[in-house]
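Shown next, in structure tokens, is the structure this report addresses.
Throughout, protein chains are lettered first and strands after them, A, B, ... in sequence-line order, and every chain is numbered starting at 1.
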Amino acid sequence: MNGAGTARNGDGMAEEWLIKGARIAGADRVADIRLAGGVITGVGEDLSAPGARVLDAAGLVALPGLVDLHTHLREPGREDAETVETGTRGAALGGFTAVHAMANTEPAADTAGVVEQVWRLGQQAGYCDVRPVGAVTVGLGGRQLAELGAMADSAARVRVFSDDGNCVADPLLMLRALEYVKAFDGVIAQHAQEPRLTEGAQLNEGEVASRLGLAGWPAAAEEAIIARDCLLAAHVGSALHVCHVSTAGSVEIIRWAKSKGWQVTAEVTPHHLLLTDDLAAGYDPVFKVNPPLRTHADVAALRAALADGTIDCVATDHAPHPVEAKETEWAAAANGMTGLETALRVVHLAMVDTGLLDWAGVADRMSARPAAIGRVPGHGQPLRPGGPANLTLYDPAAPAEAVDPAAHASKSRNSPFAGMALPGQVHATFLRGTATVLDGKVTR
Amino acid sequence: MTGSPMPAGRHRHLISAADLSRDEAVLILDTAAELASVAGRPIRKLPTLRGMTVVNLFFEDSTRTRTSFEAAAKRLSADVINFSARGSSVAKGESLKDTALTLEAMGADAVVVRHSASGAAHRLAGWVTGSVVNAGDGTHEHPTQALLDAFTMRQRLGAPDQRGGGLDGVRVTIVGDVLHSRVARSNVLLLATLGAEVTLVAPPTLMPYAVETWPCKASYDFDAELRKSDVVMMLRVQQERMTAAYFPSIREYSRRYGLDAGRMALLPEHAIVMHPGPMNRGVEIAAEVADSPRSTIVAQVSNGVIVRMAVLYLLLGGAAAAA
Ligand SMILES: [Zn+2]
């Protein structure tokens with residue numbers, strides 16, 4: 001590592017690299033990529049770079065560094081489940097160069113002080129850029145707006161605001177939040193869940209939950225909020241982002257809102273692209289997540305929507321939990337699944353192997369679009385000379401291997417993909433020209 | 001039952017009525033009938049499970065179910081430990097796993113578990129080596145209740161020699177809060193296996209989602225179903241369902257879905273009235289119906305002990321014989 005591994009955030013002390021023979025996603029060609037000074041200094045055939053470290057990338061796909069709009073890093077407050085350091089290490093291993101840290105920490109990220117703390121922890125860890133998400137309401141309580149402007153003006157430069165975990169259910173508060181953040185080009189990311197329709201809800205309201213005697217989480221409880229929020233966003237000409245879309249009906253509403261030209265964007269999680277509610281049959285809470293796993297028809301609609309752009313991007317909703325939060329009866333278990341270290345492989349299986357997306361499409365849905373929605377500077381850009389050297393090298397031909405959560409960098413083990421054979425492997429990740437991951441392992 | 005020493009050799013646990021094949025269900029009923037004839041004699045205790053430990057693990061209060069299992073285990077000479085986890089200081093969620101480890105240390109051969117969470121018995125079965133008998137998990141299942149109900153139906157409606165028989169063609173109407181009823185779920189599954197024709201009756205708000213995928217029919221019209229019922233099973237309805245707006249008032253519920261003397265008169269002459277208890281007299285069932293000759297409510301209680309003896313005997317008896 002030439003000592004460069006100690007570089008904070010890759011800035012200023014970047015390494016020099018010559019990546020040989022990578023398939024550039026989107027450019028439809030095989031080329032060398034030269035990195036120096038934190039930027040891409042060349043893309044072309046037979047580049048030379050004396051003194052640079054050489055990485056043989058034959059057979060690897062080069063993607064712009066992945067950007068996650070939805071990550072729970074748990075710090076401050078639940079460092080037993082995850083820390084900024086362990087979470088971002090996992091993110092780098094998953095090919096990410098920027099992640100958005102959700103606000104439902106303890107204390108909640110509802111002040112400039114907390115978002116700056118999280119942002120600094122990200123800088124110190126140095127695995128990827130941590131973009132704190134600010135809470136919409138004080139303590140995620142849904143009663144009073146948090147100081148959104150102070151968070152926007154802070155060193156963390158917050159642009160995405162969300163009460164994720166909770167829905168901003170009060171329509172007036174939601175309307176005001178949408179309108180208020182226009183002053184600093186902010187976006188409200190909504191966890192769409194009508195609270196009264198989901199009291200005690202455990203699993204997708206459907207044939208499986210009914211048979212298992214688990215209280216249903218109806219699709220309409222998500223769709224009603226999305227429809228309402230689209231109307232509110234249109235009314236004030238503001239930007240709405242819909243978190244973890246999980247139903248076919250939600251897709252239709254978002255498609256309609258987009259057809260009106262409204263500023264509505266949406267994300268889907270890897271687990272909603274692959275898994276269905278019938279996995280709950282054994283009552284193993286590793287499959288308990290909010291919104292819940294839905295049906296095969298929903299999965300098909302979500303895949304199609306991601307392919308046609310109705311859903312803009314993939315976001316992990318990485319939600320680590322300690323073992324005891326899942327080693328319980330279903331109703332007592334925490335919601336959530338880890339996802340950073342498996343996201344790209346799941347998208348490979350669900351979207352690329354099915355012919356729904358090519359690698360250019362993956363680059364768009366996992367880097368360009370989320371970076372644009374999150375207003376993340378320096379990320380999500382095509383791999384071109386002069387661009388920031390944030391990139392991921394992925395080996396799509398790596399033989400499918402069973403996921404082993406014990407091998408994950410995350411502090412938590414609650415991967416729903418445990419034991420499932422997923423294709424591909426993240427080979428290397430570069431943050432501003434510095435390798436955070438090489439040969440599938442973190443560099444430090 | 002899932003996992004070993006049933007004579008069929010297949011089962012270690014009884015978690016869901018769906019786990020039972022017709023032959024297995026009939027075997028339990030026949031074994032219960034055998035035990036009933038023994039129970040009638042002066043020697044009421046059998047040595048079958050001597051030296052074995054049955055733990056009653058109740059996270060929810062249910063004196064009637066717990067005492068029924070306790071009596072069943074004791075009549076088979078098992079040692080019984082009543083483990084009431086309710087109100088324990090262990091944090092919710094940790095308690096089930098921790099309790100499972102405690103039971104393991106105590107060497108429980110069988111654990112009879114009642115829990116407010118659906119799937120609790122299923123989870124427990126993954127953490128203990130003994131047999132798990134589901135005595136009611138949340139709004140999921142209560143398989144021994146379904147077995148004792150089937151036993152009672154066969155006793156009252158079956159052919160003179162009932163051994164080996166199912167409930168083919170028997171028309172059973174189950175009425176009330178089906179949505180939240182573990183008794184209804186287990187009964188639908190078991191009765192369908194035994195050949196009965198089940199119809200669920202409930203207000204639409206208390207009918208389970210996707211009930212059309214269940215092996216039964218569903219109706220909102222109680223009176224229309226009564227005339228073609230051999231069995232009417234009334235489910236308990238809880239006051240709290242009203243506050244959650246499942247129906248407007250207890251009185252309206254009772255008028256539309258309660259079984260009173262007027263409705264009872266619509267039943268065919270031979271038809272019986274069942275209730276898993278505890279009853280809300282005057283709500284889902286009128287006192288004069290509960291106390292009428294059609295009512296099997298008392299028989300259900302005594303049959304409960306016999307059927308649970310049969311279940312414990314078949315789950316543990318083979319192991320005891322081998323030991
Ligand atoms: Zn959420």
- Top contributor to chain A contacts, counting heavy-atom pairs under 4.5 Å, from B:Glu212, B:His115, B:Glu141, B:Arg182: B:His115
- Query: Rounded to the nearest 0.5 Å, how far apart are OG1 of A:Thr328 and CG of B:Asp98?
  - Reply: 11.5 Å
- Query: Under 6.0 Å from the CD atom of B:Glu104, do we count more than 12 heavy atoms belonging to anything else shown?
  - Reply: yes
- Item | Heavy-atom neighbours of B:Arg22 CZ exceed 12 at 6.0 Å | yes
- Message: What part of B:His180 gets within 4.5 angstrom of chain A, counting heavy atoms only: side chain, backbone, both, or neither?
- Response: neither
Indicate the atoms forming the closest heavy-atom contact of [X] with [Y], along with that distance.
{"X": "A:Ser210", "Y": "B:Tyr209", "result": "OG-O, 2.7 Å"}
{"X": "A:Glu327", "Y": "B:Trp127", "result": "O-CH2, 3.8 Å"}
{"X": "A:Gly213", "Y": "B:Thr139", "result": "O-OG1, 2.5 Å"}

- Message: At a heavy-atom distance under 4.5 Å, which candidate from A:Ala325, A:Pro285, A:Ala333 has the highest pair count against chain B?
- Response: A:Pro285
- Checked A:Gln202, A:Arg211, A:Glu205 vs chain B; the most non-hydrogen pairs under 4.5 Å come from A:Glu205
- Task: Kindly indicate, with the supporting measurements, whether the criterion side chain to side chain contact (heavy atoms under 4.5 Å, CB included) is fulfilled by A:Tyr283 and B:Ser118.
- Result: CA-CA 8 Å; A:Tyr283 294 99; B:Ser118 299; 4.1 Å; yes
- Item | Carboxylate-amine/guanidinium contact A:Glu329 B:Arg123, below 4.0 Å | no
- Message: Is A:Ala334 close to chain B through its backbone or its side chain, or both, or neither, when contacts mean heavy atoms under 4.5 Å?
- Response: neither
